[in-house]
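Whatever order the structure lists ligands and atoms in, that order sets their numbers, starting from 1. It should be emphasised that the depicted structure is a prediction, and the values quoted were computed from it without experimental measurement.
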Amino acid sequence: MLMLDLSFGVVLACTMPAVIIFIIYFIIKARPKFKELQERLDRLNAIMQEDVAGARVIKAYVKEDYEIERFNEANDNHVKVQKFVLKLFSYMSPIANLILNITIIIIIYIGNINVKNNTGVTPGNIMAAITYTSQILNALLRMANLFQTISRAQTSAVRLNQILNCLPVIVDGEFEGETKIKGKLELRNVSFAYPDSPNVNVLEDINLVINPGETIGILGATGSGKSSLVNLFPRFYDSTSGNVLIDDIDVKDYKLKDLRGKVSIALQKSELFSSTIFENITWGKMDATLDEVKHASSIAQADSFIEAKEEGYFTMVAEKGMSLSGGQKQRINIARCILKESEILIFDDSTSALDLKTEALLYKALKKEYSNTTKIIIAQRIASVKDSDRIVVLDKGRISAIGNHDELMNSSTIYQEIYQSQLKGGVSYD
Ligand SMILES: Nc1ncnc2c1ncn2[C@@H]1O[C@H](COP(=O)(O)OP(=O)(O)O)[C@@H](O)[C@H]1O
Ligand SMILES: [Mg+2]
């Protein structure tokens with residue numbers, strides 16, 4: 001532009017910074033909104049996911065209107081920010097075009113004077129100057145759009161990196177090789193609080209030694225910390241203070257793979273996958289044969305209902321085990337746990353949906369076939385743990401009493417109370 005005519009260059013040098021300043025202004029203004037936009041989109045997705053997953057509960061409680069309202073609110077919030085950003089950027093193009101056209105008018109005006117005064121500028125020079133100006137300003141505008149995309153991507157990248165850079169808290173230890181003892185568990189002065197509420201001790205000062213081959217019942221009200229206690233063994237969480245030992249070695253010293261090979265746990269909520277019953281059970285031991293699966297199922301008292309199905313062990317399980325009853329899911333869960341053949345078996349309230357007779361048969365079969373395996377049975381009903389070698393009574397995160405059924409009937413008031421309350425419910429234990 002300067003080579004065409006000095007004045008053209010000066011005009012462009014004045015207008016170009018104006019466009020750049022505008023673009024920078026827009027980007028600074030829109031930047032924080034991008035973060036907000038992404039967060040509100042998150043919220044919207046979360047609500048949608050909850051609504052789809054919980055459709056039955058919503059219908060059962062006739063909460064459709066409430067959920068629609070909740071969705072609309074989140075949606076409106078999202079739309080509001082989205083509109084703000086779009087509006088902001090809709091100004092950008094007209095303003096840039098306005099500046100472009102003003103620049104062109106000034107060039108024509110100055111060019112006209114120069115041509116008249118015979119300073120060497122030709123009409124061809126003016127046309128060239130106009131073309132250059134449009135090209136330069138259009139390129140700037142395109143760059144502005146690029147910056148918008150980059151800003152957006154950057155806020156997303158920051159959020160993604162927050163997740164990608166998360167380091168696992170629970171990592172492998174150093175211990176390798178075989179332990180001398182097999183199936184011993186120990187808790188030494190263990191206290192535990194969940195990471196998201198570090199001031200509330202869910203378990204407090206727990207001391208307990210469980211010997212190889214022993215069957216231990218854990219009894220206590222809901223929320224007394226039973227699940228939290230057994231979750232410390234496979235290191236789903238680490239204790240806040242004190243030590244958790246398996247076979248006389250701190251769980252933190254094991255490689256996670258070895259540790260979790262030692263402990264087989266049937267979780268309180270039976271997780272099933274959408275594949276066949278056979279595959280769901282062999283999850284515990286991938287190379288198991290059909291006979292092994294049948295054997296584990298017979299101990300878990302699952303064989304009769306599985307074999308009654310047309311396709312037997314190869315019946316498909318619907319997503320999250322929807323095609324099975326609660327008790328059937330629990331038994332498949334237990335069969336999987338048994339098949340894993342670990343030193344330590346933990347049943348976290350895994351027989352709550354079984355009738356007393358089936359439950360009794362299950363524990364009897366387990367006792368017969370796995371007499372050397374250490375077993376921890378968590379339950380709400382005294383009937384489930386009555387035959388255990390020892391029963392631990394948990395109360396508000398503390399061990400309130402330990403002993404066998406007869407000892408506890410004599411010494412523990414909490415145990416007596418539970419016994420009485422369950423008797424009144426018409427359940428008999430003899
Ligand atoms: N993931 C968690 N985060 C925070 N608190 C939890 C979590 N899971 C359980 N709790 C709390 O820990 C306490 C003990 O829970 P839990 O061990 O599940 O009891 P139980 O199995 O005996 O019913 C309860 O008060 C519960 O609210
Ligand atoms: Mg529990």
Nearest protein heavy-atom contact for atom 13 (C) of ligand 1: which residue, which atom, what distance?
V202 CG1, 3.6 Å
F273 CZ: over 12 foreign heavy atoms closer than 6.0 Å
yes
Given the options I106, L100, N101, T133 meets side-chain contact (heavy atoms from CB on, under 4.5 Å) only with L100
Against heavy atoms of A221, which atoms of ligand 1 measure under 4.0 Å?
22 (O)
Run the salt-bridge test on D248 and K184 with the 4.0 Å N-O cut-off and return the result as yes or no.
yes
Protein contact to atom 23 (O) of ligand 1 [nearest heavy atom, distance to 0.1 Å]
G223 N, 2.7 Å
Cationic N near anionic O, under 4.0 Å, E271 to K269:
yes
If we count only non-hydrogen protein atoms and require a distance under 4.0 Å, does atom 7 (C) of ligand 1 qualify as touching the protein?
yes
Does any N or O atom in K226 lie less than 3.5 angstrom from one in ligand 1, N or O only?
yes
In this structure, atom 21 (O) of ligand 1 is nearest to the protein heavy atom S227 OG, 2.8 Å
Using a strict 4.0 Å threshold on nitrogen-to-oxygen distance, state whether D172 and K257 make a salt bridge.
no
Answer side chain, backbone, both or neither: which part of D196 comes under 4.0 Å from ligand 1, heavy atoms only.
side chain
Which ligand 1 atoms does T222 reach within 4.0 Å, using its non-hydrogen atoms?
23 (O)
Are L219 and R381 close enough that some pair of their side-chain heavy atoms sits under 4.5 Å apart?
no
Parallel under 30°, tilted from 30 to 60°, perpendicular over 60°: which one fits the rings of F175 and Y254?
perpendicular
Is the NZ or CZ atom of K375 positioned over F347's six-membered ring, under 6.0 angstrom from the centre and within 45° of the axis?
no
Residue N165 excluded, over 12 heavy atoms near CG under 6.0 Å
yes
Test applied, side-chain contact (heavy atoms from CB on, under 4.5 Å); reference residue, I102; option that passes from L98, I99, I104:
L98
All pairs passing salt bridge (charged side-chain N to carboxylate O under 4.0 Å, His left out) where residues 56-67 contributes a residue, at least two apart
E67-R70
Polar protein atoms near the Mg ion (ligand 2) [N, O or S; cut-off under 2.8 Å]
S227 OG, Q268 OE1
S228 neighbourhood, listing ligand 1 atoms whose heavy-atom distance to it stays under 4.0 Å:
14 (C), 15 (O), 16 (P), 17 (O)
Tell me the protein heavy atom at minimum distance from atom 11 (C) of ligand 1, and give that distance in Å.
Y194 CE1, 4.0 Å
Counting only heavy atoms closer than 4.0 Å, does ligand 1 sit against the backbone of Y237, its side chain, both, or neither?
side chain
